[in-house]
Amino acid sequence: MTWSIVARDPSTGHLGIAVASRFFAVGALVLHIRGGIGAVATQAFVNPLYGVDGLSLLAAGKAPEEIIAELIARDAGCNQRQLHLIDAKGRNAAFTGPACIDWAGHLIEENVSVAGNMLACPDVVTETLVTYNKAMDKPLAERLLLAMQAGEDAGGDKRGRQSAALIIHRDQDYPWLSLRADDHPDPLAELVRLHAVAGERYLHVAETMAMRQNPNGMTDRREIDEKIAALEAARIAEGRPSASFATPLKM
């Protein structure tokens, strides 16, 4: 009842997952990431422990294929499950249980995998991957959103649309960007809108936050305030509306 893409940006090492489904709040249980460790998407007749335990096993240094073998070996319901995961080195693996509802399957390439079940056709997964690979010149978030829209255009979840989510981690345990549309008539379009809103203010503030390489973050916020003010002034001067439904607020 879901398809998703799990990726590692080879130029930055950042990790991201995007997902869409005809199911409420798909982002609540499918997406699991730890910066510098790996990313896991667990779906179909979802077992959230695949995500929780999968990340722990990745942190312990196990390879993705070993982790899948271990997770399904301990789960009597594994034939109804689907998962795919990637580690911080870009190694990945996937599993689609034989009892997953058609169409169900996955594709794996270096640094990226796509998996889905209860889809309109195999083209959903294929077009998601092809579009992602064609957009390598774009930032990771845009690449993932373009890829998912291509999957939707190819048929998407055969039951329709309801929710979608996107999450990106840099090298932190907290997300650099986390977007969700839990119940929406066009959830992928809503993610695109939310991403545009984030670009007005939030993503600039995110650059100031404490990181492992810089545990203090930016302590003098004047530089970032000036940048945001300049961008806002340029938007107003050009007559471009805000992507937000409301006036953006400072954090």
Side-chain angles (χ1 to χ4, degrees), residues 1-7 16-33 39 41-46 82 84 100-107 112-135 138-169 175-203 206 235 239-249:
M1 54 190 176
T2 297
W3 88 101
S4 60
I5 179 169
V6 175
I17 308 176
V19 62
S21 180
R22 177 64 171 89
F23 190 79
F24 176 72
V26 69
L29 296 175
V30 169
L31 289 62
H32 301 260
I33 303 186
T42 170
Q43 53 202 48
F45 196 51
V46 64
Q82 187 177 54
H84 53 139
C100 288
I101 299 173
D102 284 337
W103 187 86
H106 57 261
L107 293 173
V112 62
S113 60
V114 182
N117 63 92
M118 207 179 285
L119 302 181
C121 61
D123 290 348
V124 177
V125 168
T126 302
E127 290 303 314
T128 300
L129 182 60
V130 167
T131 300
Y132 177 85
N133 285 331
K134 286 182 177 178
K138 298 185 182 300
L140 181 58
E142 293 180 30
R143 208 181 311 157
L144 292 170
L145 290 170
L146 286 168
M148 290 300 294
Q149 186 59 55
E152 176 65 37
D153 293 344
D157 185 323
K158 66 183 180 182
R159 300 164 306 160
R161 303 178 290 194
Q162 185 172 7
S163 67
L166 167 72
I167 188 167
I168 294 176
H169 279 232
W176 174 74
L177 178 65
S178 180
L179 305 175
R180 280 174 47 178
D182 287 345
D183 185 28
H184 195 278
D186 192 351
L188 288 172
E190 176 64 359
L191 289 190
V192 171
R193 186 191 71 82
L194 291 173
H195 181 251
V197 175
E200 292 177 353
R201 190 171 297 263
Y202 176 83
L203 292 180
R235 181 188 66 77
R240 291 182 287 111
S242 170
S244 176
F245 293 137
T247 301
L249 299 175

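Every heavy atom of this structure was used, including side-chain atoms; hydrogens, water molecules and symmetry mates were not. None of the values given here were measured: they were computed from a predicted structure.
Interatomic distance, CD1 of Ile167 versus CG of Leu144, reported as 11.5 Å (0.5 Å rounding). Taken from OG in Ser178 to CG in Leu166, the straight-line distance is 8.0 Å, to the nearest 0.5 Å. Atom CE of residue Met118 and atom CD of residue Gln82 lie 11.0 Å apart, to the nearest 0.5 angstrom. Note: Arg159 CZ to Leu119 CG = 9.5 Å, rounded to the nearest 0.5 Å. In this structure, Met148 CE and Ser4 OG are separated by 7.0 Å, a value rounded to the nearest 0.5 Å. Atom-to-atom distance recorded for Ser113:OG and Leu107:CG is 9.0 Å, nearest 0.5 angstrom.
In this structure, His106 and Ala115 approach most closely via the heavy-atom pair CB-CB, 3.7 Å. Contact detail for Pro187 and Ala181: the closest heavy-atom pair is O-CB, 3.9 Å. Shortest non-hydrogen contact noted between Leu140 and Gly16 is CD2-N, 4.1 Å. Heavy atoms only, all atoms of each residue included: Tyr202 and Trp176 are closest at CE2-O, 3.5 Å. Across every non-hydrogen atom of Tyr132 and Arg143, the tightest pair is OH-NH1, 3.2 Å.
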Output a table of donor-acceptor pairs, distance under 3.5 Å, between side-chain atoms of residues 25-33 and any protein atom two or more places apart or on a different chain; print 'none' if there are none.
unit_1: His32; atom_1: NE2; unit_2: Leu29; atom_2: O; d: 2.8

Which atom pairs, donor and acceptor, lie under 3.5 Å between side-chain atoms of residues 121-128 and protein residues at least two apart or in another chain?
unit_1: Thr126; atom_1: OG1; unit_2: Pro122; atom_2: O; d: 3.3
unit_1: Thr128; atom_1: OG1; unit_2: Trp3; atom_2: NE1; d: 3.2
unit_1: Thr128; atom_1: OG1; unit_2: Val124; atom_2: O; d: 2.6

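Side-chain contact between Gln149 and Asp153: present, with at least one pair of heavy atoms (C-beta onward) separated by less than 4.5 Å. Put simply, the side chain of His84 reaches to within 4.5 Å of the side chain of Gln43, judged on heavy atoms. The shortest distance between side-chain heavy atoms of Ile101 and Lys158 falls below 4.5 Å.
Listed by chain and number, the residues in a side chain to side chain donor-acceptor pair (under 3.5 Å) with Thr2 are Ser21 (sequence neighbours excluded). In this structure, His195 has no side chain to side chain donor-acceptor pair (under 3.5 Å) partners at least two apart in sequence or on a different chain. In this structure, Asp102 has no salt bridge (charged side-chain N to carboxylate O under 4.0 Å, His left out) partners at least two apart in sequence or on a different chain.
Not one N or O on the side chain of Arg22 forms a donor-acceptor pair closer than 3.5 Å with the backbone of Asp157.
Within the structure, the salt bridge (charged side-chain N to carboxylate O under 4.0 Å, His left out) test picks out the following pairs touching residues 177-187 (sequence neighbours left out): Arg161-Asp186, Arg180-Asp182.
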